[in-house]
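Here the structure is laid out as structure tokens; the discussion comes afterwards.
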Amino acid sequence: GGGYASYLPLEAFDDTSFEERSRDDWLALGQEPNGEFKYVPAIALRNDEVAHQKWQPCRVLDWNQQDHIVFVQWEENKKKVWLSRIHVMFKAENPKLFAQRVAAAHQLRKSTEAVLRYNLYVDSMPI
């Protein structure tokens, strides 16, 4: 359907079966030989002041697997923030697979919103 704005968050439609490694395996990439954890290099989708989004370099510091959120530090200004996993691509991740994951989430959200709109229209029809 047409140019409808999406109101449902993309992360609700994230298919975690696209995940190449477990949380622990990803975080293990950030360990030093002495066992100390530093970070895992990544890029993440960042909002600027005027709501534009762009992919920016960051460091993954932690990962809350239950909530599918990743704790990152922006390389540019060192600020730290929790982001949905679907908005964070590890540098060691297969970019083609990650793009498929994001595209699948967009497609599922789009079809879900179409069904919701259809049901709303039908429910709103006069009898």
Side-chain angles (χ1 to χ4, degrees):
Y4 294 102
S6 289
Y7 295 102
L8 301 175
L10 189 62
E11 51 269 23
F13 303 95
D14 186 13
D15 180 354
T16 57
S17 71
F18 280 97
E19 201 66 70
E20 295 178 68
R21 302 176 185 185
S22 70
R23 170 203 179 271
D24 293 341
D25 287 345
W26 278 120
L27 293 181
L29 296 176
Q31 286 203 304
E32 294 290 298
N34 67 4
E36 181 186 337
F37 180 79
K38 280 186 97 170
Y39 63 87
V40 183
I43 59 172
L45 201 56
R46 184 173 179 189
N47 292 320
D48 66 14
E49 305 78 40
V50 288
H52 292 114
Q53 295 181 320
K54 60 182 176 178
W55 292 94
Q56 301 255 285
C58 64
R59 299 171 173 190
V60 173
L61 304 175
D62 199 2
W63 183 343
N64 178 327
Q65 194 167 14
Q66 182 179 345
D67 295 330
H68 302 289
I69 54 176
V70 179
F71 194 52
V72 304
Q73 179 180 37
W74 299 114
E75 287 194 5
E76 181 184 57
N77 61 11
K78 307 298 181 215
K79 288 187 179 176
K80 297 175 182 175
V81 63
W82 285 97
L83 299 173
S84 297
R85 170 63 177 100
I86 197 160
H87 298 306
V88 178
M89 186 184 91
F90 292 98
K91 293 264 179 103
E93 195 163 359
N94 177 335
K96 199 174 204 175
L97 191 63
F98 184 79
Q100 290 172 349
R101 177 182 187 159
V102 173
H106 276 282
Q107 185 56 49
L108 182 57
R109 177 172 70 178
K110 184 178 176 182
S111 60
T112 299
E113 288 176 337
V115 168
L116 290 171
R117 262 194 312 280
Y118 172 81
N119 287 333
L120 175 65
Y121 298 155
V122 169
D123 290 346
S124 300
M125 288 180 176
I127 300 175

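In what follows, residues are counted from 1 in the order of the sequence shown.
A donor-acceptor contact shorter than 3.5 Å links the side chain of Glu20 to the backbone of Asn94. Side-chain atoms of Gln56 do not come within 3.5 Å of backbone N or O of Glu75 as any donor-acceptor pair. Proximity of a side-chain donor or acceptor of Ser22 to a complementary backbone N or O of Asp25 within less than 3.5 Å is detected.
Contact annotation: the side chain of Val102 never approaches that of His87 to less than 4.5 Å [non-hydrogen atoms, C-beta and beyond]. Looking at heavy atoms from C-beta onward, Lys54 lies out of side-chain contact with Arg46 at the 4.5 angstrom threshold. Under the 4.5 Å side-chain criterion, counting only non-hydrogen atoms from C-beta, Leu97 is in contact with Phe18. Looking at heavy atoms from C-beta onward, Val72 lies out of side-chain contact with Tyr39 at the 4.5 angstrom threshold. Under the 4.5 Å side-chain criterion, counting only non-hydrogen atoms from C-beta, Gln65 is not in contact with Asp24. Here the side chains of Asp14 and Leu108 are not in contact, with every heavy-atom distance at 4.5 Å or above. Within the 4.5 Å cutoff, side-chain heavy atoms of Arg23 are placed close to those of Asp62. At a threshold of 4.5 Å between non-hydrogen side-chain atoms, the residues Val60 and Leu27 count as touching.
The CE atom of Met89 sits 10.0 Å away from the SG atom of Cys58 when rounded to the nearest 0.5 Å. Rounding to the nearest 0.5 angstrom, the gap separating the CG atom in Asp15 from the CD atom in Gln107 is 13.5 Å. To the nearest 0.5 Å, atom OG of residue Ser17 and atom CZ of residue Arg101 are 8.5 Å apart. Note that OH of Tyr118 and CG of Asp123 are 10.0 Å apart. Values are rounded to the nearest 0.5 Å.
The minimum heavy-atom distance between Trp74 and Val81, with the atom names listed, is NE1-CG1, 3.5 Å. The minimum heavy-atom distance between Leu83 and Ala44, with the atom names listed, is CD1-CB, 3.6 Å. Between Phe37 and Leu61 the shortest heavy-atom distance is CE2-O, 3.2 Å. Between Leu10 and Arg109, the closest heavy-atom pair is N-NH1, 3.5 Å.
Using a 30° and 60° split on the angle between ring planes, Phe90 and Trp26 fall in the parallel class, below 30°.
Around the CD atom of Glu32, the shell of radius 6.0 Å holds more than 12 heavy atoms that belong to other residues, nucleotides or ligands. Annotation: Lys78, atom NZ; neighbour count of heavy atoms from other residues, nucleotides and ligands within 6.0 Å is above 12.
Linking Ile, Leu, Val, Met, Phe, Trp and Tyr residues whenever their side-chain heavy atoms come within less than 4.5 Å leaves Phe13 and Ile86 in two separate clusters. A continuous path of ILVMFWY side-chain contacts below 4.5 Å connects Leu29 to Val88, so both sit in one hydrophobic cluster.
By the 4.0 Å N-to-carboxylate-O rule, Arg85 lies close enough to Glu93 to be salt-bridged with it.
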